[in-house]
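Here's the structure we're looking at; comments come further down.
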Amino acid sequence: MKLQGQIVDIPRRRIFSGEITFSNGVISKIEEKHHNIKHYILPGFVDAHIHIESSMLVPSEFARIAVKHGTVATVSDPHEIANVLGVEGVNFMIENGKQTPLKFNFGAPSCVPATSFESAGAVVDSDDIKQLMANPDIKYLAEMMNYPGVLFNDDEVLKKIAWAKHYNKPVDGHAPGVRGEDITKYIAAGISTDHECFTYEEGLEKLQKGMKILIREGSAAKNFEALIDLLPEHFENMMFCSDDKHPDDLLEGHINQLCARAVAKGINVFKVLQAACANPVKHYNLDVGLLKVGDYADCIVVEDLKQFKTLQTYINGELVFDKGESKIPSAPFQILNNFNTEKKDETNFKIGSSVKKIRVIEALEGQLVTNELIETATIENGNLVSNVEKDILKMSVINRYNNNKPALAFIKNFGLKEGAIASSVGHDSHNIIAVGISDEMICKAVNLIIENKGGICAVSESDEHIVPLPVAGIMSDQDAETIGKQYAKLDKVAKQLGSTLHAPYMTLSFMALLVIPSLKLSDKGLFDGRTFKFTTLEVK
């Protein structure tokens with residue numbers, strides 16, 4: 001097999017007219033050769049940190065779409081399915097991913113459950129991590145979200161990190177806003193990356209202390225604009241990732257979009273491509289080719305080095321995308337789930353109180369962090385209720401693994417004027433999470449999720465819409481185009497109900513993510529991520 005074009009040599013920072021020869025999936029020759037072909041050949045893109053589950057697609061379906069955008073590999077944390085199904089879920093992701101050419105590189109989830117302040121469907125302890133780390137299919141210890149556990153020398157946390165070191169595998173970080181002596185200690189524990197930086201200053205400090213910093217642009221959490229100005233000077237120690245990307249966004253683009261945005265800012269294209277292609281391969285020791293003789297033929301053909309529109313994608317020399325069409329077929333798989341709670345009654349969502357002030361979660365556009373607000377309570381017939389005019393809406397998190405009483409709180413910035421939305425995608429434990437204008441609407445949405453044993457939905461007085469997610473309650477059994485259209489339609493319905501958020505369901509899914517401050521809600525109650533303790537709804 002021979003491939004001609006303008007060859008992009010990232011290490012030597014040059015582009016030359018040439019020809020690549022590969023056989024049996026490996027590049028055997030790269031030579032300069034004059035021709036008039038204008039398109040460019042470069043190494044494939046690598047997403048340096050992603051939860052495949054957040055695309056609502058199983059890995060084999062994710063692969064079919066990702067190759068359209070020039071992605072040849074991912075560094076994938078199966079943390080989401082592990083919180084539902086434990087090691088069985090991790091193995092499902094690995095085996096399903098093997099059904100496709102795309103190179104999924106899974107890590108061992110380090111925080112299942114993420115905290116002891118929520119109910120997950122499984123536990124992955126240090127003994128499980130030991131077994132996973134011995135598996136050659138596991139490339140690294142996935143994000144150590146329990147940074148307090150690292151800082152306070154939690155024995156179980158340190159054992160997990162020790163097993164990663166024993167097998168000489170990297171340890172991913174997750175330390176939003178952690179600075180100063182705390183981040184120094186966190187890094188000293190052996191943690192080498194972070195994708196949670198809020199600001200340029202935070203990213204710079206972590207880089208200067210030896211961390212690799214990931215520029216993340218997902219469907220909800222975005223730090224590209226905050227961090228991109230670090231890339232020109234620190235390109236050797238930075239990567240691109242999406243972390244969490246919903247199916248409609250994935251259909252539009254992937255890492256190629258970040259490259260286009262970076263180049264549009266005037267950043268040297270070789271520096272951009274080093275972050276997008278080479279750095280993840282080197283940091284995680286991936287079996288992914290970088291356009292060198294003897295490497296796997298993992299390369300892409302793009303129209304230009306501005307928009308990076310992909311014309312062809314090759315993985316191990318196999319043409320997996322060509323002329324607008326993915327060559328990867330759908331793969332059969334067994335549906336696994338863990339869903340065990342009964343339908344709720346409207347009375348389950350009432351909060352009897354006469355208090356004047358309440359704590360309110362303030363959701364922030366494009367952020368996983370929230371603020372804590374103190375607001376005037378709205379009381380009707382002795383019960384705390386939503387205030388639609390002030391956009392202070394009741395929310396609930398319901399344990400989906402056991403039949404427990406719902407946890408209740410209030411949230412601002414969802415903007416709903418009618419109905420409710422709900423989801424069984426609720427990071428990290430994936431309990432049911434709902435926001436609505438009334439107890440009746442919240443109950444209706446929650447019960448629709450329970451009836452389907454997982455999904456995302458929107459309801460009003462007259463209608464109900466749901467996208468079922470039967471695989472662990474977080475992924476679809478449909479193809480990407482189908483789920484992408486269904487999701488886009490549901491997103492539109494949520495906005496017709498009044499939501500002002502760019503990605504209301506992605507934002508909703510993070511409102512139970514306790515490890516990111518300030519105020520969140522778990523199935524056990526309202527939680528202050530700054531003190532790492534439960535707090536009260538009522539302010540007396």
- Message: Is there a side-chain hydrogen bond (donor to acceptor under 3.5 Å, both in side chains) between Thr193 and His283? Walk through the geometry before answering.
- Response: CA-CA 10 Å; Thr193 70; His283 179 73; 5.4 Å; no
query: Would you call Asp439-Lys394 a salt bridge at under 4.0 Å N-O?
result: yes
Inset, instruction - Identify whether the distance between the nearest side-chain nitrogen and carboxylate oxygen of Glu538 and Arg359 falls below 4.0 Å. - result: no
Heavy atoms of other groups near Asn153 CG, more than 12 under 6.0 Å: yes
Quiz item: Does the distance from a Lys or Arg side-chain N to an Asp or Glu carboxylate O, for Glu217 and Arg261, drop under 4.0 Å?
Solution: yes
OG1 (Thr376) and CD1 (Ile358) are apart, to the nearest 0.5 Å, by 8.5 Å
| query | Can His246 and Tyr487 be counted as having a side-chain donor-acceptor contact under 3.5 angstrom? | reply | yes
**Q.** Gln478 vs Leu57 side-chain heavy atoms within contact, under 4.5 Å
**A.** no
Fill in: Polar side chain donor-acceptor pair, His79 to Glu143, under 3.5 angstrom
no
query = Are Glu461 and Lys444 close enough, and set up right, to give a salt bridge (charged side-chain N to carboxylate O under 4.0 Å, His left out), and what steps lead you there?
reply = CA-CA 9 Å; Glu461 290 281 357; Lys444 184 177 182 180; over 6 Å; no
May I ask you to decide if Leu519's main-chain N or O and Asp528's side chain share a donor-acceptor pair within less than 3.5 Å?
no
Is the backbone of Ala226 close enough, under 3.5 Å, to the side chain of Asn223 for a donor and an acceptor to pair up by distance? no
For Asn403, the side chain to side chain donor-acceptor pair (under 3.5 Å) test, sequence neighbours excluded, returns Thr341, Glu342, Lys344
Task: Pairwise side-chain contact, Glu156 with Lys160, heavy-atom cut-off 4.5 Å (strictly under) - done: yes
Go through the side-chain N and O atoms of Asn431 and Ser429 and say whether any donor and acceptor fall under 3.5 Å apart.
-> no
Give the intermediate values and the outcome of side chain to side chain contact (heavy atoms under 4.5 Å, CB included) for residues Arg216 and Leu368.
CA-CA 12 Å; Arg216 169 183 63 189; Leu368 306 190; 3.8 Å; yes
Practice problem: State whether the side chain of Glu365 and the backbone N or O of His502 hold a donor-acceptor pair below 3.5 Å, judged by distance alone. | Solution: yes
- Do the rings of His195 and His174 sit parallel, tilted or perpendicular, given the 30° and 60° boundaries? perpendicular
The reported gap from CZ in Phe414 to CG in Leu497 (rounded to nearest 0.5 angstrom) is 13.0 Å
| Taking the six-membered ring for Trp, is the centroid-to-centroid distance between Phe45 and Phe240 below 6.0 Å? | no
In terms of heavy-atom contacts, Asn348 and Leu408 come closest through O-CD1, 3.9 Å
| message | Salt bridge or not between Glu451 and Lys343? Use side-chain N to carboxylate O under 4.0 Å. | response | yes
To the nearest 0.5 Å, atom CG of Leu448 lies from atom CD1 of Ile466 at 4.0 Å
Closest non-hydrogen contact found for Ala422 with Val446 is CB-N, 4.3 Å
Q) Any side-chain heavy-atom pair from Met238 and Leu230 closer than 4.5 angstrom? A) yes
Heavy-atom donor-acceptor pair, Asn399 side chain to Asp523 backbone, under 3.5 Å
no
Distance col, row Lys212:NZ vs Leu207:CG, nearest 0.5 angstrom, shows 9.5 Å
When rounded to the nearest 0.5 Å, the distance separating CD of Glu372 from OG of Ser518 is 7.0 Å
To the nearest 0.5 Å, atom CD1 of Ile432 lies from atom OG of Ser424 at 7.0 Å
Between His69 and Leu250, is there a donor-acceptor pair closer than 3.5 Å when you use the side chain of the first and the backbone of the second? yes
Problem - Contact check, side chains of Asn83 and Pro113, non-hydrogen atoms, under 4.5 Å - result: yes
### Query
Have Glu80 and His430 got a donor and an acceptor in their side chains that come within less than 3.5 Å?
yes
Taking the side chain from Asn452 and the backbone from Gly455, do they hold a donor-acceptor pair closer than 3.5 Å? no
Side chain Ser54, main chain Ile50, donor-acceptor under 3.5 Å:
no
For Leu151 and Asp182, the nearest pair of non-hydrogen atoms, with its separation, is CD2-O, 3.2 Å
Given Glu201 and Arg179, is the salt bridge (charged side-chain N to carboxylate O under 4.0 Å, His left out) satisfied, shown in steps? CA-CA 10 Å; Glu201 292 74 21; Arg179 305 283 300 272; over 6 Å; no
- Query: How far apart are the C-alpha atoms of Glu481 and Arg64, what are their side-chain angles, what is the distance that settles it, and do they pass the salt bridge (charged side-chain N to carboxylate O under 4.0 Å, His left out) test?
  - Reply: CA-CA 10 Å; Glu481 289 83 2; Arg64 291 182 59 246; 3.6 Å; yes
Sorted by chain and number, sequence neighbours left out, side chain to side chain donor-acceptor pair (under 3.5 Å) with Gln307 holds for none
Closest heavy-atom pair, Val425 versus Gly473, reported as atoms and distance to 0.1 Å, is CG2-O, 4.3 Å
Ser499 side chain to Pro504 main-chain N or O, any donor-acceptor pair under 3.5 Å? no
Worksheet item: Parallel, tilted or perpendicular for His49 and His51, by the 30°/60° rule?
Response: perpendicular
Pro109 and Pro78 have their tightest heavy-atom pair at CD-CG, 4.1 Å
**Asked** Tyr401 side chain to Ala122 main-chain N or O, any donor-acceptor pair under 3.5 Å?
**Response** no
Check your understanding: Does Asn279 reach the main-chain N or O of Phe235 with its side chain, forming a donor-acceptor pair under 3.5 Å?
Key -> yes
- Is the shortest distance from a Lys or Arg side-chain nitrogen in Glu205 or Lys209 to a carboxylate oxygen in the other one below 4.0 Å? yes
Applying side chain to side chain donor-acceptor pair (under 3.5 Å) to Asp391 and not counting sequence neighbours gives none
- Item | Glu252/Lys245 salt bridge by N-O under 4.0 Å criterion | no
When Asn413, Asn371, Leu373 are each screened for side-chain contact (heavy atoms from CB on, under 4.5 Å) with Val360, the one that passes is Leu373
* Side chains of Leu537 and Leu384 in contact at under 4.5 Å (non-hydrogen atoms) -> yes
Item checked: Sidechain N-carboxylate O distance under 4.0 Å for Glu202, Lys206 -> yes
Using distance alone, with no hydrogens and no angle criterion, decide if Lys520 and Thr370 have a side-chain donor and acceptor under 3.5 Å apart.
-> no
*Basic-acidic side-chain contact under 4.0 Å: Glu118, Lys524*: no
| said: Distance alone, cut at 3.5 Å: any donor-acceptor contact between the side chains of Ser242 and Asp47? | reply: yes
What one should report as the nearest heavy-atom pair of Ile456 and Ser423 is CG2-OG, 3.1 Å
Practice task
Answer yes or no: does atom NZ of Lys492 have more than 12 heavy-atom neighbours from other residues, nucleotides or ligands under 6.0 Å?
Solution key: no
Are the side chains of Asp243 and Glu196 in touch, meaning some heavy atoms are under 4.5 Å apart?
yes
